Engineer: 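Structure provided below as structure tokens; questions to follow.
These numbers were taken from a predicted model, which means no experiment stands behind them.
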Amino acid sequence: MPVPVVVEEEEGGLGSDTENIHANGIPGTPISASFTPSLTDDRISVSSNDTQESGATSGSSPVAKFSHILQKDAFLVFRSLCKLSMKPLSDGPPDPKSHELRSKVLSLQLLLSILQNAGPVFKTNEMFINAIKQYLCVALSKNGVSSVPEVFSLSLSIFLTLLSHFKTHLKMQIEVFFKEIFLYILETSTSSYDHKWMVIQSLTRICADAQSVVDIYVNYDCDLNAANIFERLVNYLSKIAQGRVGHELGTTPSQELSLRKKGLECLVSILKCMVEWSNDQYVNPNSQTSLGQEKPVDQEPSESTKPPESINRYGSLNSLDSSASSGIGSYSTLMSGTDNAEQFEVLKQQKEIIEQGIDLFNKKPKRGIQYLQEQGMLGTTPEDLAQFLHQEERLDSTQVGEFIGDNERINKEVMYAYVDQMDFQVKDFVSALRLFLEGFRLPGEAQKIDRLMEKFAARYLECNQGQTEFASADTAYVLAYSIIMLTTDLHSPQVKNKMTKEQYIKMNRGINDSKDLPEEYLSAIYDEIAGKKIAMNETKKLTLKSSKQSVASEKQRRLLYNVEMEQMAKTAKALMEAVSHVQAPFTSATHLDHVRPMFKLAWTPFLAAFSVGLQDCDDTEVASLCLEGIRCAIRIACIFTIQLERDAYVQALARFTLLTASSGISEMKQKNIDTIKTLITVAHTDGNYLGNSWHEILKCISQLELAQLIGTGVKARYISGTVPVKGGLLASLREQASDSSEYLGLVGGNVDRKQIASIQESIGEASSQSVVVAVDRIFTGSTRLDGNAIVDFVRWLCAVSMDELASPTHPRMFSLQKIVEISYYNMGRIRLQWSRIWEVIGDHFNKVGCNSNEDVAIFAVDSLRQLSMKFLEKGELANFRFQKDFLRPFEHIMKKNRSPTIRDMVVRCIAQMVNSQAGNIRSGWKNIFSVFHLAASDQDGSIVELAFQTTGYIVTNVFEKHFPATIDSFQDAVKCLSEFACNASFPDTSMESIRLIRHCAKYVSERPQVSNYTSDDMNVAPEDRVWVRGWFPILFELSCIINRCKLDVRTRGLTVMFEVMKTYGHTYKKHWWQDLFRIIFRIFDNMKLPEQQTEKAEWMTTTCNHALYAICDVFTQYFEPLSDILLDDILSQLYWCVQQDNEQLARSGTNCLENVVILNGEKFSPEIWDKTCNCVLDIFKTTIPHALLTWRPAGAEGELMPQYDLSNLVGLLLVCSPFHFDHLFEMQEQRLFSALLIKCVVQLELIQTIDNIIFFPATSRKEDAENLAAAQRDTVDADVQLAAQDQGMYHYLTSDQLFKLLDCLLESHRFAKAFNSNNEQRTVLWKAGIVCGEALAYFLTLTSESHREAWTNLLILFLTKVVKISDDRFKAHASRYFPLLCEIMQFDLIPELRAVLRKFFLRIGNAFDISLLPSHREELGPAGSQ
């Protein structure tokens, strides 16, 4: 149905209204849905005539294409206007009043108006689109290079309108206009300032439209066959913005500044577009309400980016393309309008690879080809390579010629394929040769030309097999060569005498198989070559080079520019005409993700432009543009997390604040103050994305605070040396040497007050209230950063704080204070985020709390205390560990910081926490006990006392009230008390600690909560929890106290340990007892360590002895559960005790064995009796002192002491002198006889033990007494009657067991009998004085009074015998015993022993002739007996 004119006009009007509505958005926005019906009608009318497209393209009458006669009229008017605008102007300077110029301007104005007010039909009808391509674009290519400003300006406006409304149909035309006109005018140095200015004005409008900017990148930079328009645009705009084109143009400074500003404006507009395009992905931290809200999950970009527009775009574009069956086919329909960001990124990467390969090819062809093949962008067959050489226009024609002319096999194959891909059918010979030489430049070497011509001739004949001119390929080959020579001859300026036609004909005689070619044929060739030389493909670089040459004068510049413009117009027109029928798919971008590769491509020229602008120019507008550009660039880098680029821009910004620059703050200008403000703004708005860039920002904020201190005139001593960074702010400042001025000075001499005032003035604005508040907002706003950003923020704040604190003399605590502040602000975050934050802050407090400067450490500890109190107020649920992580720095500081002040402070802080927050503490108890554990080993009384008081308070009061909350750390509490007990410097504390451990046992017994489940108990059976978490720690720590402490403390520990076992052992399970006795037997393990002999003896005599009896008591008390599992261990332990070189322990071992058997024997099973008897047998066997029968003194005949380890003696002989060896030998002897004595004692004890076990001690004595009485009554034969219950264990033992014990007694009896009857051996021992000497030495070691009494009779006997021997023998013995007897005098001896000693000493006086006269000897008698 035809559409009335009115409707068309109305639509046009409405269409423009729609455009106005979207003017603040993206121009080129599709029309609203209300226009869809007319669009549909229009499309139907067009698509029904699709088959006649060939008619339209060939320029035939388009009547059948229109659905209304008015459309045809519109078309004809439009075409006429286009043709009118192309009419050439008269030569010479243009006359504004001339008819030609005025008609040109009018036609262009009308065309512009038509395009701006175009309705939907005009925008979509194929006939109008074709008209634009065929007529308008060609007209633009002509007028777009006009030297008349008005014409040029109108052309640019028309182009902008086309770009805005019709770009989807004009992909190729837009590329031509950009590449051949826009960019050419910008890049050539001969174009005028006015032309450049107008182009940049137009670019400003293009760059302000996000859709256009992204579309240019997607459709050209990501198209393998298109120019990199976006990249070239940005690069050249950057060059203009840096002021690098002014000197080429010869502009005035103000013009140059205007150009720079425009260039910067364009760059900033591009970045703003990119920010606008990707804004949906940006989360402003300040718009978030909740603490630490995470970034929203990214939506599918196609949905999130301007949804209604993208839907319209897809609809309109797909339908348009499907209605136009272009030459490219279905691929274009598929690609057009479908915006796949990943696909375009891949295309862009491929394009970069191809461009890199072409660059390499143009230097070294083989390297370029190899690179492209490695990257998979080029096939390996000669055909693939030949096709590449044909199709790729960017290849250097000289290098192509060199490559295909080379003589290597692969080069030849490629050359053959290259020529074979050319079609010379129905072409005359010269045309074929021209076509052949279009693609490359002939190489200079004759051999190479020869090969090429040879192949060309063969291919020409192959394509033209029906020709009759040439007899063979040889004819064609020679003729081709002669044409090349003719071209060179006729057109080379070096050749003075040109070849005539006759000479040329003569030169070609006989080449056609010894015949001539027709003269008219050769004559025609000569004429054609003379008229138009064969233009071999020149490299385009040559023209570009000429354009860069400096132009001598303005007149020359204009002339040169006009020539270039003519050339440019021709090229553009030719290209426009060439692409007028090509229908290339145009993609309207919708994806956010295009911005990432765009930015990665262009960030360097952007940064260069902004950096140079800030560096060179003090103009406020330039600085403002640069800062805005940097802000936008940072935003883009942040949104897409492009770290390198983001860091580069932030570093640039930080550098221009001058806060970290070596030049110092004295040079600070307004632009630097503005840079500081921009940096603060970036921190405020882009905090979520800054990552490692926080480091630069926070460094600047730290330096800013220092600058503010200087600005307010603070005294130097407060801030000098505060920045360790080389080349930092203080590189420009130093403290005045003179006392008169305490202010800071600049490098290079003393500073007067005037200079100080100027410094303060220059940074005055940096100290303004607004800046201070803005900085503060960064820290208060940290609560709105997301979970990852806050961790980065905190990490770098800690790093800056470490730098501030690194000064040994005047550390600054600005950042440390801020860390404390943000900890307060962010404590309300979810625990998961908070724990990540605290991981960083806690580690920082660990380091700061150990700072060598006490003031810093005190501040850190006090801040920690305040934060901890606030944190603990929140409480904690069971099985969480947040408090434990939070309080860990206290532990670290206590462990690493040796300063008494700090350690005392830590303990006080923890004590305060316990006193005020005990009810809220859960996992934190572990840290608290850990701190007290470290304090417990301190030597400072006040630290130990306070820590112990608090620990005592926890154990007695807090455990009482909050035991379930403290269960997890119960073991730590016991361990802590154990450490207090082991501090030898405070014995009272040690004793009290053991009492508190005993108190803890009561809790375990009374509180069943100990067995409640916690996360630590995953691998513990429920019934064992009370053991693992309650009893075991108590008993284990008591055993540690026993093993580590001095006698009185360890004795108390031993007593309490066995008390606990006796009191609560009835609740223990069998496998608990096994664990427990493993700990207890460690007491005896202690003796296996090679410690000093005296300590070892004391340990054996006291602790081991005590433990042995206690073990037997416990075993007896809990015989039922313990007999199965522990009897073997106890027997082996008793056996071990008997083996030791300690008589007291050996006696105790036998006594304990006796007690265990007597008290429990009634309950023994036959197996147990077997084990017991075997144990007694083993002890008997190992304690018989066989060495007494075999010992010989050294040097005597017969055996040499078999008990010595010969290998040891040999070793000793090698290292010892004779004197030392003698001394060592004596020591060895003493040790041997000491051990033999103990064995004798054990034998006697064992005999008594067997007697007591079998018959009971009382029974045995009673029987002896009755036997004695019977003997006195002469009634030895009468039976002594004893009650059955008094007969000991006799009835419980089997015959075999009794015989075993009897064997032991008999063995011992036999040995005694053998020794007593061996008079010779006894004499040897007597002579050696071994027995006596050893007996005396042993007597001195005894500590027990009863033990000494037992030995007294032996000493009396021995001394009486010695006094009676001859003088010679007496002398020998007396000299050996004298020192020992002097020592014995110290003891409280019985009168009988003292009397014998008196006689012994008197005899010494006589024997050694040292006594007085006889009268005096008598006087000595009473004295000696006293």
Side-chain angles (χ1 to χ4, degrees), residues 234 238 267-268 270-272 274-275 278 281-285 295 593 595-615 626-662 672 674-704 723 725-729 775 778-779 781-782 785-804 815 840:
V234 171
S238 172
L267 290 175
V268 172
I270 291 172
L271 283 170
K272 278 182 173 175
M274 288 158 80
V275 169
S278 51
Q281 216 162 315
Y282 165 70
V283 179
N284 185 344
K295 288 182 200 172
D593 292 339
V595 174
R596 176 201 292 275
M598 284 172 76
F599 184 70
K600 289 193 88 154
L601 178 75
W603 74 276
T604 330
F606 280 130
L607 183 59
F610 301 142
S611 298
V612 171
L614 280 172
Q615 184 84 45
C626 291
L627 291 173
E628 193 174 2
I630 290 176
R631 258 193 74 187
C632 291
I634 291 171
R635 169 70 53 83
I636 295 161
C638 285
I639 288 173
F640 293 101
T641 57
I642 314 173
Q643 293 179 12
L644 172 75
E645 289 80 346
R646 177 199 65 206
D647 293 348
Y649 277 98
V650 173
Q651 280 163 13
L653 210 50
R655 195 168 64 247
F656 289 117
T657 61
L658 292 190
L659 290 169
T660 54
S662 55
N672 305 113
D674 291 340
T675 308
I676 292 170
K677 291 178 179 175
T678 305
L679 194 71
I680 293 168
T681 310
V682 166
H684 191 59
T685 57
D686 297 285
N688 274 339
Y689 307 93
L690 284 170
N692 294 339
S693 298
W694 273 117
H695 191 198
E696 292 293 334
I697 293 172
L698 292 167
K699 213 159 43 174
C700 285
I701 288 171
S702 168
Q703 303 290 69
L704 178 61
V723 180
V725 191
K726 287 181 185 172
L729 174 63
V775 168
I778 293 173
F779 296 102
S782 66
L785 294 174
D786 68 39
N788 293 325
I790 185 66
V791 175
D792 287 325
F793 178 69
V794 165
R795 187 171 74 248
W796 290 115
L797 186 57
C798 290
V800 172
S801 174
M802 285 310 289
D803 289 344
E804 288 180 358
S815 296
V840 180

Engineer: Could you check if a side-chain atom of H684 sits within less than 4.5 angstrom of a side-chain atom of I680, using non-hydrogen atoms only?
Structural biologist: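 No, too far: nothing below the 4.5 Å cut-off.
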
Engineer: Side chain to side chain donor-acceptor pair (under 3.5 Å) with H695: which residues, sequence neighbours excluded?
Structural biologist: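 Partners of H695 by the side chain to side chain donor-acceptor pair (under 3.5 Å) criterion come out as none, since no residue qualifies.
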
Engineer: Evaluate the side-chain proximity of L704 to I676: yes if any heavy-atom separation is below 4.5 Å, no if none is.
Structural biologist: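 I676 vs L704: side chains touch.
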
Engineer: Write out all pairs satisfying side chain to side chain donor-acceptor pair (under 3.5 Å) with one or both partners inside residues 602-615, taking only residues at least two apart or from two chains.
Structural biologist: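 Qualifying pairs: W603-E645.
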
Engineer: Please examine the side chains of L785 and W694, heavy atoms only from C-beta on, and report whether any two atoms are closer than 4.5 Å.
Structural biologist: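 Counting from C-beta outward, W694 and L785 do come under 4.5 Å.
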
Engineer: Let me confirm one number: the CD-CD distance from E804 to Q703, rounded to the nearest 0.5 Å.
Structural biologist: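 Between atom CD of E804 and atom CD of Q703 there are 8.0 Å.
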
Engineer: Are any non-hydrogen side-chain atoms of L659 and I701 less than 4.5 angstrom apart?
Structural biologist: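 No; the side chains remain at least 4.5 Å from each other.
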
Engineer: Compare every heavy atom of A683 with every heavy atom of I778, then report the nearest pair and how far apart it is.
Structural biologist: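 Reported closest heavy-atom pair: CD1-CB, 3.5 Å.
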
Engineer: Which pair of non-hydrogen atoms, one from L271 and one from G629, has the smallest distance, and what is that distance?
Structural biologist: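 Taking L271 first and G629 second, the nearest heavy atoms are CD1-O, 3.4 Å.
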
Engineer: Kindly state each residue pair satisfying salt bridge (charged side-chain N to carboxylate O under 4.0 Å, His left out) with at least one member in residues 626-639, sequence neighbours excluded.
Structural biologist: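 Of all non-adjacent pairs touching residues 626-639, those that pass salt bridge (charged side-chain N to carboxylate O under 4.0 Å, His left out) are K272-E628, R635-D686.
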
Engineer: Rounded to the nearest 0.5 Å, how far does CG of N788 lie from OH of Y689?
Structural biologist: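 Rounded to the nearest 0.5 Å, the OH-CG separation comes to 12.0 Å.
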
Engineer: What are the two closest non-hydrogen atoms of I790 and S782, and how far apart are they?
Structural biologist: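 Where I790 meets S782 most closely, the heavy atoms are CD1-O, 3.6 Å.
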
Engineer: Should V275 and Y282 count as side-chain neighbours, where that means a heavy-atom distance under 4.5 Å?
Structural biologist: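 Not touching, per the 4.5 Å side-chain cut-off.
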
Engineer: Run the side-chain donor-acceptor check on residues 791-800: report pairs under 3.5 Å with partners two or more places apart or on a different chain.
Structural biologist:
from: D792; atom 1: OD1; to: R795; atom 2: NH1; distance (Å): 3.1
from: D792; atom 1: OD1; to: R795; atom 2: NH2; distance (Å): 3.2
from: R795; atom 1: NH2; to: N692; atom 2: OD1; distance (Å): 3.1
from: W796; atom 1: NE1; to: N692; atom 2: OD1; distance (Å): 3.3

Engineer: Quick one: does any side-chain atom of S702 pair with a main-chain N or O of L698 as donor and acceptor, under 3.5 Å?
Structural biologist: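 Checking the backbone N and O of L698 against the side chain of S702, no donor-acceptor pair under 3.5 Å is found.
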
Engineer: Report the distance from atom CE of M274 to atom CZ of F640, rounding to the nearest 0.5 Å.
Structural biologist: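 Nearest 0.5 Å value for the CE-CZ distance: 8.0 Å.
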
Engineer: In Å and rounded to the nearest 0.5 Å, what is the CD1 to NZ distance from I636 to K600?
Structural biologist: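 Going from the CD1 atom of I636 to the NZ atom of K600 covers 13.5 Å.
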
Engineer: Would you sort out whether T657 and L679 count as a side-chain contact (heavy atoms from CB on, under 4.5 Å), showing the intermediate values?
Structural biologist: CA-CA 8 Å; T657 61; L679 194 71; 4.2 Å; yes

Engineer: Examine distances only and state if a side-chain atom of R646 and a backbone atom of L690 form a donor-acceptor pair shorter than 3.5 Å.
Structural biologist: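 Judged by distance alone, yes, a pair lies under 3.5 Å.
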
Engineer: Once you round to the nearest 0.5 Å, how far does CG of N672 lie from OG1 of T678?
Structural biologist: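 Going from the CG atom of N672 to the OG1 atom of T678 covers 11.0 Å.
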
Engineer: Is there a side-chain contact between L627 and L614, using heavy atoms and a 4.5 Å cut-off?
Structural biologist: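 Yes; the side chains approach each other to less than 4.5 Å.
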
Engineer: Report the residues that fulfil side chain to side chain donor-acceptor pair (under 3.5 Å) with S238, sequence neighbours left out, ordered by chain and then residue number.
Structural biologist: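 Expected list: Q242.
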
Engineer: Roughly how far, to the nearest 0.5 Å, is the SG atom of C700 from the CD atom of Q651?
Structural biologist: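 Here the rounded value is 10.5 Å.
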
Engineer: Is any side-chain heavy atom of Y649 closer than 4.5 Å to one of L653?
Structural biologist: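 Result no, sub-4.5 Å side-chain heavy-atom pair not found.
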
